[in-house]
Amino acid sequence: MRDYLLTLCVTAAVTYLLTGPVRKFAIATGAMPEIRARDVHREPTPRLGGIAMFFGLCAGLLVAAHLQNLGSVFDLSNEPRALLSGAALIWLIGVLDDKFELDALIKLGAQMISAGVMVAQGLTILWLPIPGVGVVSLTPGQGTLLTVALVVLTINAVNFVDGLDGLAAGMVCIAATAFFLYAYRLWYGYTIEAAAPATLFTAILIGMCLGFLPHNMHPARIFMGDSGSMLIGLILAASAISITGQVDPDVLKLFEGSTREATHAALPVFIPLLLPLTIIAIPMADLVLAIVRRTWKGQSPFAADRGHLHHRLLEIGHSHSRAVLIMYFWSALIAFGTLAYSVHSTSMWIVLGVVALSAIGLVLLLMPRFTPRAPRWAESVVPPRYRRRKPAPVAEAAPEPVAAGAERVPVPAGINGATAIGNRARFTDRRKAGTPS
C-alpha cells in the first residue's frame with residue numbers, strides 16, 4: 001500500500017504543478033473556444049488540461065517501474081506498456097480536438113484504434129465469469145469486440161458527463177477509488193498477481209484526478225477538454241478490462257466443487273468483475289439517455305445539447321456547486337454500495353444503508369432552493385453564500401430644485417418623519433400655474 005500511495009502522490013503532484021503552465025500555454029495558443037449554447041460558464045476558459053494529466057500518468061508509471069514491489073508488474077505483464085501506448089494515441093487526438101474541433105466520427109475512429117492498440121499488446125478480455133454458467137472463454141475475435149466496445153462506451157460516458165466544473169474528474173476519482181479498493185483486495189488479500197496492473201492503473205488515475213481538481217473546481221481556471229476526459233475514460237476502461245478479463249475466478253478457490261458451482265456461490269465477490277460499468281453508472285445512464293433523446297429527435301447521437309443530467313439539475317434550481325455534489329453523492333453511493341455488497345453480501349445493514357442514503361439523495365433532488373444559513377456568530381468563517389443576506393440600504397432621493405421666488409411650505413410628515421408616499425422634497429412650489437418666475 002505504501003508504494004501505491006507514493007505513486008498516487010507523485011502523479012497528483014506532477015499533474016497539479018503542470019496544470020498552471022499548461023493553462024498559460026493554452027491561452028497563448030488560443031485554445032479557448034467561444035462559449036457554446038450548451039455551455040454553462042460565462043467566460044471563455046482555456047482547455048488542454050489533459051496535457052498535465054497525461055504527464056502525470058507518465059510520471060506515475062515511471063515511479064512505479066522503479067519501486068521494488070511494483071516493478072514486477074512491468075516484468076510479468078505487458079499491460080502497463082499497452083495502456084501507455086493507447087493513452088498516448090487517444091491523448092494526442094484529444095489535444096487536436098481541443099484546438100481544432102475535430103469531427104465526431106474522427107474521434108470515434110481514434111477511440112477504436114486506441115482500444116485496438118491495447119488489444120494487440122495483450123490488454124484484452126480473455127474470459128468472463130457468468131453466474132450459473134461458469135467461466136466462459138472468449139475467442140480472440142469476441143474478446144477484441146468486447147474490449148473495444150467497453151473502451152468506447154467508457155470514454156464517451158466520461159466525455160458526456162464533463163459539463164460542469166470538477167464534475168468528470170470528481171466522479172472518475174470516486175469510481176477509481178472504489179475500483180482500487182476492490183483490486184487491492186484481490187491482489188493483497190488473495191495474492192492474485194494478475195490484479196496488480198489494475199490496482200496500479202486505478203492508483204495513478206486517482207492521482208491524476210486529485211491533482212487536476214484544485215484547478216477545475218468552480219469557478220474553473222482550466223478545463224480538461226477532450227484530451228483529459230477521453231484519457232481518464234480510457235484508463236478507467238483499461239482497469240476494468242484488466243481485472244475482468246485477466247483474473248481467473250478459479251484461483252480464488254473460495255468454494256469446493258465444479259467451476260459452475262464455485263462461480264454461482266461466489267457471485268457477490270464477482271459483482272465488480274461482472275458489472276464493471278456500475279462504477280460509472282451515472283455517466284453511462286447519461287450516455288444512454290442522450291443517445292435515445294437525440295435519436296428520437298432525428299439528430300445525430302453525437303450532436304451536442306443541454307439535456308444532460310447536470311443540465312437538468314441546473315434547470316430545476318440547483319446551484320452549480322450543489323449539482324456537482326449531488327452527482328458526486330450518487331456516484332459514491334452506487335460505487336461503494338456495490339463494493340460493500342461484494343465484501344459482505346449477507347449483511348442486511350448494507351442494503352438498509354443504501355436504501356436510507358438513496359432516500360436522502362431523493363430529498364436533496366427535490367429541494368433545489370434550500371440553502372442552509374449559518375448562524376450570525378459563524379458568518380465570518382463560512383463562505384458568503386451561506387451567510388444571511390443583509391438588506392440593501394435605501395438610497396435617499398435628491399431633493400427637487402425649488403424655483404427662485406417660490407414659497408417654501410413644509411409638507412406634513414407621517415410616521416417617524418416620513419411622508420405617506422415615500423421620499424420627496426420637504427417643500428413644494430405653491431406658485432399658481434402661469435405665474436411668471
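Every heavy atom of this structure was used, including side-chain atoms; hydrogens, water molecules and symmetry mates were not.
- Side-chain contact between N216 and L167 is absent, with no heavy-atom pair separated by less than 4.5 Å.
- Atom-to-atom distance recorded for R221:CZ and I27:CD1 is 8.0 Å, nearest 0.5 angstrom.
- For W187 and Y4, the ring centers sit closer than 6.0 Å to each other.
- In terms of modelled atom types and a separation under 3.5 Å, the side chain of R23 and the main chain of P46 share no donor-acceptor contact.
- Not one N or O on the side chain of T124 forms a donor-acceptor pair closer than 3.5 Å with the backbone of A120.
- For the pair S77 (side chain) and F74 (backbone), a donor-acceptor distance under 3.5 Å is absent.
- Annotation: salt bridge (charged side-chain N to carboxylate O under 4.0 Å, His left out) contacts of K107 (sequence neighbours excluded): D97, D226.
- Taking a 6.0 Å sphere around CZ of F25, one finds it holds 12 or fewer heavy atoms contributed by other residues, nucleotides or ligands.
- Contact between I243 and A198 at its shortest, heavy atoms only, is CB-CB, 3.9 Å.
- Ring geometry for H215 versus Y16: interplanar angle of 30 to 60°, hence tilted.
- Under the 30°/60° scheme for interplanar angles, the aromatic rings of Y184 and F180 are found to lie parallel.
- In this structure, the side chains of Q142 and L146 stay at 4.5 Å or more apart for every pair of heavy atoms.
- Across every non-hydrogen atom of L231 and M53, the tightest pair is CD2-C, 4.1 Å.
- Remark: the backbone N or O of I125 is paired with a side-chain donor or acceptor of T147 at under 3.5 angstrom.
- Under the 4.5 Å side-chain criterion, counting only non-hydrogen atoms from C-beta, L105 is in contact with D103.
- Between the D165 side chain and the A220 main chain, a donor and an acceptor come within less than 3.5 Å of each other.
- Within the 3.5 Å criterion, the main-chain N or O of A110 finds a donor-acceptor partner in the side chain of S114.
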